[in-house]
*Asks:* 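One structure coming up, written as C-alpha coordinates, with questions to follow.
Since the structure is predicted, the reported quantities are computational estimates derived from the model, not experimental observations.
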Amino acid sequence: MDNRAEIRDFLATRRAKITPEQVGLPSGGGRRRVPGLRREEVAVLAGVSTDWYIRLEKGHIAGVSDDVLDAVAGALQLDEAERTHLFALARAAKPTRRPRPRRTHTPQVSSSLQRVLDSMTTTAAFVRNGRLDILAANPLGRALYAPVLDNPALSGNIARFHFLDPRSEDFFPDWDAAADTAVELLRTDAGRDPHNPELTTLIGELATHSGAFRTRWAAHNVRTHRTGTKHFHHPVVGDLELDFDAMQVPGPDQSALTLTAYTAEPGSPSADALAMLASWAATNAAHENHDTTQDQQHR
(Lines give C-alpha, C1' and ligand atoms only; values in the text may rest on other atoms or scores of the structure.)
Protein backbone atom coordinates (compact mmCIF):
# COMPACT_ATOMS: atom_id res chain seq x y z
CA MET A 1 0.00 0.00 0.00
CA ASP A 2 1.13 3.57 -0.76
CA ASN A 3 1.44 5.26 2.62
CA ARG A 4 1.33 8.77 1.12
CA ALA A 5 -1.88 7.95 -0.67
CA GLU A 6 -3.32 6.57 2.56
CA ILE A 7 -2.46 9.77 4.43
CA ARG A 8 -3.84 11.99 1.65
CA ASP A 9 -7.12 10.12 1.36
CA PHE A 10 -7.61 9.79 5.11
CA LEU A 11 -7.13 13.50 5.79
CA ALA A 12 -9.23 14.49 2.79
CA THR A 13 -12.14 12.26 3.82
CA ARG A 14 -12.01 13.56 7.42
CA ARG A 15 -11.96 17.17 6.15
CA ALA A 16 -14.97 16.49 3.93
CA LYS A 17 -17.04 15.40 6.94
CA ILE A 18 -16.84 18.72 8.80
CA THR A 19 -18.88 21.79 7.97
CA PRO A 20 -17.71 25.34 8.74
CA GLU A 21 -20.58 25.70 11.21
CA GLN A 22 -19.29 22.74 13.23
CA VAL A 23 -16.00 24.51 13.92
CA GLY A 24 -17.39 28.01 14.39
CA LEU A 25 -16.47 29.38 10.96
CA PRO A 26 -18.83 31.39 8.76
CA SER A 27 -20.45 29.37 6.01
CA GLY A 28 -20.12 32.13 3.41
CA GLY A 29 -17.15 32.85 1.20
CA GLY A 30 -18.54 31.74 -2.13
CA ARG A 31 -19.77 28.44 -3.46
CA ARG A 32 -17.78 25.44 -2.23
CA ARG A 33 -16.43 23.06 -4.83
CA VAL A 34 -15.99 20.24 -2.31
CA PRO A 35 -17.94 19.24 0.81
CA GLY A 36 -16.61 20.08 4.23
CA LEU A 37 -13.76 22.38 5.16
CA ARG A 38 -11.24 23.90 2.80
CA ARG A 39 -7.57 23.14 3.38
CA GLU A 40 -6.85 26.73 4.39
CA GLU A 41 -9.60 26.53 7.01
CA VAL A 42 -8.07 23.41 8.53
CA ALA A 43 -4.69 25.18 8.53
CA VAL A 44 -6.15 28.14 10.46
CA LEU A 45 -7.80 25.85 13.00
CA ALA A 46 -4.58 23.84 13.47
CA GLY A 47 -2.42 26.95 13.75
CA VAL A 48 -0.18 26.14 10.77
CA SER A 49 0.38 27.73 7.38
CA THR A 50 -1.81 26.76 4.45
CA ASP A 51 1.21 25.66 2.44
CA TRP A 52 2.36 23.46 5.30
CA TYR A 53 -1.05 21.79 5.66
CA ILE A 54 -1.33 21.24 1.90
CA ARG A 55 2.05 19.52 2.01
CA LEU A 56 0.87 17.37 4.94
CA GLU A 57 -2.31 16.37 3.13
CA LYS A 58 -0.21 15.29 0.17
CA GLY A 59 1.32 12.65 2.43
CA HIS A 60 4.48 14.39 3.65
CA ILE A 61 3.97 13.41 7.26
CA ALA A 62 7.34 11.90 8.24
CA GLY A 63 9.05 14.01 10.87
CA VAL A 64 5.93 15.92 11.89
CA SER A 65 5.85 16.41 15.66
CA ASP A 66 3.22 14.88 17.91
CA ASP A 67 2.09 18.38 18.94
CA VAL A 68 1.36 19.33 15.34
CA LEU A 69 -0.44 16.03 14.71
CA ASP A 70 -2.52 16.70 17.82
CA ALA A 71 -3.40 20.15 16.48
CA VAL A 72 -4.48 18.68 13.13
CA ALA A 73 -6.48 15.98 14.90
CA GLY A 74 -8.23 18.65 16.93
CA ALA A 75 -8.95 20.80 13.87
CA LEU A 76 -10.50 17.81 12.09
CA GLN A 77 -12.37 16.72 15.25
CA LEU A 78 -10.95 13.21 15.03
CA ASP A 79 -12.29 10.64 17.47
CA GLU A 80 -10.01 8.30 19.42
CA ALA A 81 -9.78 5.69 16.68
CA GLU A 82 -9.12 8.29 13.96
CA ARG A 83 -6.47 10.06 16.02
CA THR A 84 -4.72 6.77 16.72
CA HIS A 85 -4.88 5.97 13.01
CA LEU A 86 -3.31 9.32 12.08
CA PHE A 87 -0.41 8.69 14.44
CA ALA A 88 -0.02 5.15 13.08
CA LEU A 89 0.19 6.53 9.54
CA ALA A 90 2.85 8.99 10.71
CA ARG A 91 4.90 6.21 12.31
CA ALA A 92 4.63 4.06 9.19
CA ALA A 93 5.87 6.97 7.05
CA LYS A 94 9.13 7.33 8.97
CA PRO A 95 12.14 5.92 7.09
CA THR A 96 13.91 2.99 8.70
CA ARG A 97 17.45 1.74 8.15
CA ARG A 98 16.48 -1.89 8.02
CA PRO A 99 13.16 -3.29 6.78
CA ARG A 100 11.28 -5.15 9.46
CA PRO A 101 11.14 -8.92 8.81
CA ARG A 102 7.82 -9.86 7.32
CA ARG A 103 5.64 -12.62 8.59
CA THR A 104 5.36 -15.47 6.15
CA HIS A 105 2.71 -17.44 8.00
CA THR A 106 -0.34 -16.87 10.16
CA PRO A 107 0.76 -16.93 13.83
CA GLN A 108 -0.87 -19.43 16.14
CA VAL A 109 -1.86 -18.82 19.75
CA SER A 110 0.05 -20.35 22.63
CA SER A 111 -1.16 -23.49 24.36
CA SER A 112 -1.70 -21.51 27.57
CA LEU A 113 -3.98 -19.04 25.78
CA GLN A 114 -5.92 -21.95 24.28
CA ARG A 115 -6.41 -23.26 27.81
CA VAL A 116 -7.79 -19.87 28.82
CA LEU A 117 -10.27 -20.06 25.94
CA ASP A 118 -11.31 -23.61 26.81
CA SER A 119 -11.90 -22.66 30.46
CA MET A 120 -14.62 -20.19 29.38
CA THR A 121 -17.34 -22.82 29.19
CA THR A 122 -20.42 -20.56 29.14
CA THR A 123 -18.84 -17.89 26.93
CA ALA A 124 -18.26 -18.00 23.17
CA ALA A 125 -14.67 -16.85 22.73
CA PHE A 126 -12.07 -16.72 19.99
CA VAL A 127 -8.73 -15.10 19.19
CA ARG A 128 -8.18 -13.25 15.91
CA ASN A 129 -5.41 -11.27 14.28
CA GLY A 130 -5.65 -7.88 12.57
CA ARG A 131 -6.67 -9.54 9.27
CA LEU A 132 -9.74 -10.97 11.04
CA ASP A 133 -8.46 -14.55 10.81
CA ILE A 134 -9.90 -16.68 13.61
CA LEU A 135 -6.76 -18.33 14.97
CA ALA A 136 -8.25 -20.23 17.91
CA ALA A 137 -11.59 -20.62 19.66
CA ASN A 138 -13.24 -22.53 22.46
CA PRO A 139 -15.97 -25.07 21.61
CA LEU A 140 -18.77 -22.54 22.01
CA GLY A 141 -16.88 -19.97 19.95
CA ARG A 142 -16.38 -22.51 17.17
CA ALA A 143 -20.08 -23.36 17.31
CA LEU A 144 -21.11 -19.69 17.14
CA TYR A 145 -18.87 -19.01 14.14
CA ALA A 146 -19.47 -22.41 12.51
CA PRO A 147 -20.52 -20.86 9.16
CA VAL A 148 -17.13 -19.09 8.98
CA LEU A 149 -15.01 -21.97 10.23
CA ASP A 150 -16.75 -24.79 8.36
CA ASN A 151 -16.09 -23.36 4.88
CA PRO A 152 -12.49 -24.20 3.83
CA ALA A 153 -12.58 -21.52 1.12
CA LEU A 154 -12.81 -18.81 3.79
CA SER A 155 -9.73 -20.01 5.72
CA GLY A 156 -11.44 -18.93 8.94
CA ASN A 157 -11.47 -15.26 7.87
CA ILE A 158 -14.40 -13.15 9.06
CA ALA A 159 -13.99 -10.51 6.35
CA ARG A 160 -14.10 -13.15 3.58
CA PHE A 161 -17.30 -14.50 5.12
CA HIS A 162 -18.85 -11.02 5.16
CA PHE A 163 -18.14 -10.19 1.54
CA LEU A 164 -17.67 -13.47 -0.33
CA ASP A 165 -20.21 -15.82 1.29
CA PRO A 166 -23.90 -15.03 0.68
CA ARG A 167 -24.82 -16.79 3.93
CA SER A 168 -23.44 -13.81 5.83
CA GLU A 169 -26.53 -11.75 5.00
CA ASP A 170 -28.64 -14.21 6.98
CA PHE A 171 -26.06 -14.81 9.72
CA PHE A 172 -25.75 -11.07 10.48
CA PRO A 173 -29.26 -9.56 10.68
CA ASP A 174 -27.72 -6.06 10.63
CA TRP A 175 -25.41 -6.90 7.75
CA ASP A 176 -24.51 -3.33 6.80
CA ALA A 177 -23.33 -2.42 10.30
CA ALA A 178 -21.39 -5.66 10.65
CA ALA A 179 -19.76 -5.14 7.23
CA ASP A 180 -18.83 -1.57 8.17
CA THR A 181 -17.14 -2.86 11.31
CA ALA A 182 -15.16 -5.51 9.45
CA VAL A 183 -13.79 -3.00 6.93
CA GLU A 184 -13.04 -0.38 9.58
CA LEU A 185 -11.05 -2.92 11.59
CA LEU A 186 -9.07 -3.91 8.48
CA ARG A 187 -8.43 -0.24 7.67
CA THR A 188 -7.21 0.33 11.24
CA ASP A 189 -4.78 -2.58 10.99
CA ALA A 190 -3.58 -1.39 7.58
CA GLY A 191 -2.65 1.93 9.18
CA ARG A 192 -0.59 0.17 11.84
CA ASP A 193 1.13 -2.16 9.40
CA PRO A 194 0.79 -0.87 5.81
CA HIS A 195 3.42 -3.20 4.35
CA ASN A 196 1.96 -6.45 5.69
CA PRO A 197 1.82 -8.71 2.59
CA GLU A 198 -0.88 -11.02 3.96
CA LEU A 199 -3.15 -8.07 4.74
CA THR A 200 -2.46 -6.45 1.38
CA THR A 201 -3.34 -9.70 -0.40
CA LEU A 202 -6.61 -10.03 1.52
CA ILE A 203 -7.63 -6.45 0.77
CA GLY A 204 -6.85 -6.95 -2.92
CA GLU A 205 -8.91 -10.15 -2.99
CA LEU A 206 -11.92 -8.52 -1.35
CA ALA A 207 -11.67 -5.38 -3.49
CA THR A 208 -11.55 -7.51 -6.64
CA HIS A 209 -14.62 -9.58 -5.84
CA SER A 210 -16.88 -7.29 -3.79
CA GLY A 211 -18.27 -3.90 -4.72
CA ALA A 212 -19.65 -3.55 -1.18
CA PHE A 213 -16.13 -3.91 0.16
CA ARG A 214 -14.67 -1.41 -2.33
CA THR A 215 -17.22 1.24 -1.38
CA ARG A 216 -16.52 0.86 2.32
CA TRP A 217 -12.74 0.72 1.86
CA ALA A 218 -12.78 4.02 -0.06
CA ALA A 219 -14.45 5.74 2.91
CA HIS A 220 -11.24 5.40 5.01
CA ASN A 221 -13.23 4.89 8.22
CA VAL A 222 -11.53 3.31 11.23
CA ARG A 223 -12.67 2.18 14.65
CA THR A 224 -11.79 0.65 17.98
CA HIS A 225 -13.74 -2.49 18.88
CA ARG A 226 -13.68 -3.05 22.63
CA THR A 227 -17.25 -3.65 23.78
CA GLY A 228 -20.78 -3.62 22.43
CA THR A 229 -23.71 -5.77 21.37
CA LYS A 230 -23.96 -7.93 18.27
CA HIS A 231 -26.87 -9.76 16.70
CA PHE A 232 -26.65 -13.16 15.01
CA HIS A 233 -29.09 -15.45 13.28
CA HIS A 234 -27.46 -18.81 13.84
CA PRO A 235 -28.48 -21.69 11.53
CA VAL A 236 -28.92 -24.03 14.51
CA VAL A 237 -30.41 -21.96 17.37
CA GLY A 238 -31.80 -18.89 15.62
CA ASP A 239 -31.56 -15.34 16.88
CA LEU A 240 -28.91 -14.32 19.40
CA GLU A 241 -28.28 -10.92 20.97
CA LEU A 242 -24.85 -11.12 22.59
CA ASP A 243 -22.66 -8.62 24.41
CA PHE A 244 -19.01 -8.72 23.45
CA ASP A 245 -15.80 -7.63 25.13
CA ALA A 246 -12.52 -7.55 23.26
CA MET A 247 -8.99 -7.26 24.64
CA GLN A 248 -5.54 -7.39 23.14
CA VAL A 249 -3.25 -10.33 23.94
CA PRO A 250 0.36 -10.83 22.80
CA GLY A 251 1.02 -13.09 19.84
CA PRO A 252 3.99 -15.48 19.52
CA ASP A 253 5.81 -13.13 17.11
CA GLN A 254 5.10 -9.96 19.12
CA SER A 255 2.06 -9.19 16.98
CA ALA A 256 -1.09 -7.96 18.68
CA LEU A 257 -3.94 -10.47 18.76
CA THR A 258 -7.48 -9.83 19.98
CA LEU A 259 -9.46 -12.08 22.30
CA THR A 260 -13.21 -11.56 21.87
CA ALA A 261 -15.74 -13.02 24.29
CA TYR A 262 -19.52 -13.14 23.74
CA THR A 263 -21.97 -13.45 26.63
CA ALA A 264 -25.74 -13.26 26.96
CA GLU A 265 -27.83 -11.43 29.53
CA PRO A 266 -28.73 -14.00 32.23
CA GLY A 267 -32.30 -15.26 31.95
CA SER A 268 -32.77 -13.84 28.46
CA PRO A 269 -33.90 -15.80 25.39
CA SER A 270 -30.38 -15.37 24.04
CA ALA A 271 -28.95 -17.02 27.16
CA ASP A 272 -31.23 -20.01 26.53
CA ALA A 273 -30.19 -20.11 22.87
CA LEU A 274 -26.51 -19.89 23.81
CA ALA A 275 -26.97 -22.81 26.23
CA MET A 276 -28.64 -24.79 23.44
CA LEU A 277 -25.71 -23.98 21.18
CA ALA A 278 -23.28 -25.22 23.84
CA SER A 279 -25.23 -28.48 24.08
CA TRP A 280 -25.22 -28.83 20.28
CA ALA A 281 -21.46 -28.24 20.20
CA ALA A 282 -20.87 -30.83 22.94
CA THR A 283 -23.00 -33.40 21.10
CA ASN A 284 -21.12 -32.80 17.86
CA ALA A 285 -17.78 -33.09 19.63
CA ALA A 286 -18.85 -36.40 21.21
CA HIS A 287 -19.89 -37.77 17.81
CA GLU A 288 -16.61 -36.66 16.24
CA ASN A 289 -14.61 -38.29 19.02
CA HIS A 290 -16.63 -41.49 18.63
CA ASP A 291 -16.08 -41.52 14.86
CA THR A 292 -12.35 -40.92 15.32
CA THR A 293 -12.11 -43.78 17.80
CA GLN A 294 -13.98 -46.11 15.45
CA ASP A 295 -11.67 -45.18 12.56
CA GLN A 296 -8.59 -45.89 14.68
CA GLN A 297 -9.93 -49.28 15.76
CA HIS A 298 -10.52 -50.33 12.16
CA ARG A 299 -7.01 -49.45 11.00
Side-chain angles (χ1 to χ4, degrees), residues 1-18 39 42-43 45-49 51-107 128-133 159 181-204 207 216-226 246-259:
M1 297 181 191
D2 185 338
N3 183 253
R4 286 188 180 184
E6 291 293 305
I7 296 163
R8 179 195 66 220
D9 294 342
F10 176 67
L11 291 175
T13 54
R14 299 316 93 180
R15 179 164 56 83
K17 287 186 172 184
I18 303 175
R39 289 170 175 170
V42 177
L45 292 168
V48 299
S49 72
D51 288 344
W52 187 94
Y53 180 76
I54 290 174
R55 179 175 170 78
L56 176 66
E57 198 171 288
K58 287 182 178 179
H60 300 281
I61 201 171
V64 176
S65 70
D66 288 354
D67 288 343
V68 171
L69 290 177
D70 268 328
V72 171
L76 293 173
Q77 299 186 356
L78 303 187
D79 61 23
E80 178 189 355
E82 292 169 329
R83 182 185 179 280
T84 300
H85 187 63
L86 177 62
F87 275 75
L89 292 173
R91 284 193 301 272
K94 292 179 180 178
T96 56
R97 293 183 179 180
R98 181 184 304 171
R100 189 174 65 174
R102 303 308 314 158
R103 294 187 295 274
T104 57
H105 64 282
T106 301
R128 65 165 177 85
N129 59 13
R131 273 179 21 122
L132 305 187
D133 295 312
T181 297
V183 175
E184 289 161 13
L185 291 175
L186 288 179
R187 173 65 78 178
T188 301
D189 200 59
R192 285 192 295 260
D193 195 4
H195 306 297
N196 185 317
E198 292 90 354
L199 179 59
T200 301
T201 298
L202 174 66
I203 291 167
R216 288 169 169 81
W217 187 254
H220 285 263
N221 292 331
V222 293
R223 75 161 57 207
T224 55
H225 202 54
R226 300 192 184 108
M247 61 209 80
Q248 284 199 337
V249 295
D253 59 355
Q254 307 306 311
S255 60
L257 304 180
T258 299
L259 189 159

*Asks:* Using the salt bridge (Lys or Arg N to Asp or Glu O under 4.0 Å) criterion, which residues pair with R128? Sequence neighbours excluded.
*Replies:*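 For R128 there are no salt bridge (Lys or Arg N to Asp or Glu O under 4.0 Å) partners, ignoring immediate neighbours.
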
*Asks:* What verdict does the side chain to side chain contact (heavy atoms under 4.5 Å, CB included) test give for L69 and I61, after you've listed the backbone C-alpha separation in whole Å, the side-chain angles of each residue and the deciding distance to 0.1 Å?
*Replies:* CA-CA 9 Å; L69 290 177; I61 201 171; 3.9 Å; yes

*Asks:* Show every ring pair (Phe, Tyr, Trp, His ring centres under 6.0 Å) that has at least one partner inside residues 52-82, sequence neighbours left out.
*Replies:*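 Not a single pair qualifies under ring pair (Phe, Tyr, Trp, His ring centres under 6.0 Å).
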
*Asks:* Under the criterion side chain to side chain contact (heavy atoms under 4.5 Å, CB included), I'd like the reasoning laid out for L76 against V42: C-alpha separation, chi angles, the key distance, then a yes or no.
*Replies:* CA-CA 7 Å; L76 293 173; V42 177; 3.9 Å; yes

*Asks:* Can you list the residues that meet the side-chain contact (heavy atoms from CB on, under 4.5 Å) rule with A71, with sequence neighbours excluded?
*Replies:*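 Result, side-chain contact (heavy atoms from CB on, under 4.5 Å) vs A71: A46.
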
*Asks:* For E184, give me all partners under salt bridge (Lys or Arg N to Asp or Glu O under 4.0 Å), at least two apart in sequence or on another chain.
*Replies:*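 Listed in chain order: R223.
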
*Asks:* Between A159 and L186, what is the shortest heavy-atom contact and its length?
*Replies:*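 It is CB-CD1, 3.9 Å.
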
*Asks:* Can you tell me which residue pairs pass the ring pair (Phe, Tyr, Trp, His ring centres under 6.0 Å) test with a partner in residues 75-94, sequence neighbours excluded?
*Replies:*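 Counting only pairs at least two positions apart or across chains, the ring pair (Phe, Tyr, Trp, His ring centres under 6.0 Å) contacts touching residues 75-94 are F10-H85.
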
*Asks:* Quick one: do E57 and R4 make a salt bridge, cutoff under 4.0 Å?
*Replies:*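 Here E57 does not pair with R4 in a salt bridge, since their nearest N and O are not under 4.0 Å apart.
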
*Asks:* Given V249 and T258, is the side chain to side chain contact (heavy atoms under 4.5 Å, CB included) satisfied, shown in steps?
*Replies:* CA-CA 6 Å; V249 295; T258 299; over 6 Å; no

*Asks:* Can you name the residues that form a side-chain hydrogen bond (donor to acceptor under 3.5 Å, both in side chains) with R55, not counting sequence neighbours?
*Replies:*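 Testing R55 for side-chain hydrogen bond (donor to acceptor under 3.5 Å, both in side chains), a comparison that skips the adjacent residues, returns none.
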
*Asks:* According to side-chain hydrogen bond (donor to acceptor under 3.5 Å, both in side chains), does anything in residues 61-79 pair up with another residue at least two apart or in another chain? List the pairs.
*Replies:*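 Output for this query lists D70-R83.
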
*Asks:* Just to verify, what does T201 make a side-chain contact (heavy atoms from CB on, under 4.5 Å) with, not counting sequence neighbours?
*Replies:*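 Testing T201 for side-chain contact (heavy atoms from CB on, under 4.5 Å), a comparison that skips the adjacent residues, returns none.
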
*Asks:* Passes side chain to side chain contact (heavy atoms under 4.5 Å, CB included), E6 versus R187? Steps please.
*Replies:* CA-CA 10 Å; E6 291 293 305; R187 173 65 78 178; 2.3 Å; yes

*Asks:* Using the test salt bridge (Lys or Arg N to Asp or Glu O under 4.0 Å), find all partners of R8 that sit at least two apart in sequence or belong to another chain.
*Replies:*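 By the salt bridge (Lys or Arg N to Asp or Glu O under 4.0 Å) rule, R8 matches no residue at all.
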
*Asks:* Could you report the tightest heavy-atom contact between I18 and A75, atom names first, then the distance?
*Replies:*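 Closest pair (atom of I18, atom of A75, distance): CD1-O, 4.0 Å.
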
*Asks:* Holding to side-chain contact (heavy atoms from CB on, under 4.5 Å), I want the full list of residues that pass it with A16, two or more places apart in sequence or in another chain.
*Replies:*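 Expected list: P35.
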
*Asks:* Just jot down the side-chain contact (heavy atoms from CB on, under 4.5 Å) partners of A219, sequence neighbours excluded, or say none.
*Replies:*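 Residues passing side-chain contact (heavy atoms from CB on, under 4.5 Å) with A219: N221.
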
*Asks:* Just so I know, are the side chains of Q248 and L257 near enough to count as touching, which here means a heavy-atom distance under 4.5 Å?
*Replies:*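 The answer is no; the side chains never approach within 4.5 Å.
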
*Asks:* Can you name the residues that form a salt bridge (Lys or Arg N to Asp or Glu O under 4.0 Å) with R216, not counting sequence neighbours?
*Replies:*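 If we apply the salt bridge (Lys or Arg N to Asp or Glu O under 4.0 Å) test to R216, skipping adjacent residues, the hits are D176, D180.
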
*Asks:* If every non-hydrogen atom of T224 is compared with every non-hydrogen atom of A81, which pair is closest and at what distance?
*Replies:*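 T224 and A81 have their closest heavy atoms at N-CB, 3.6 Å.
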
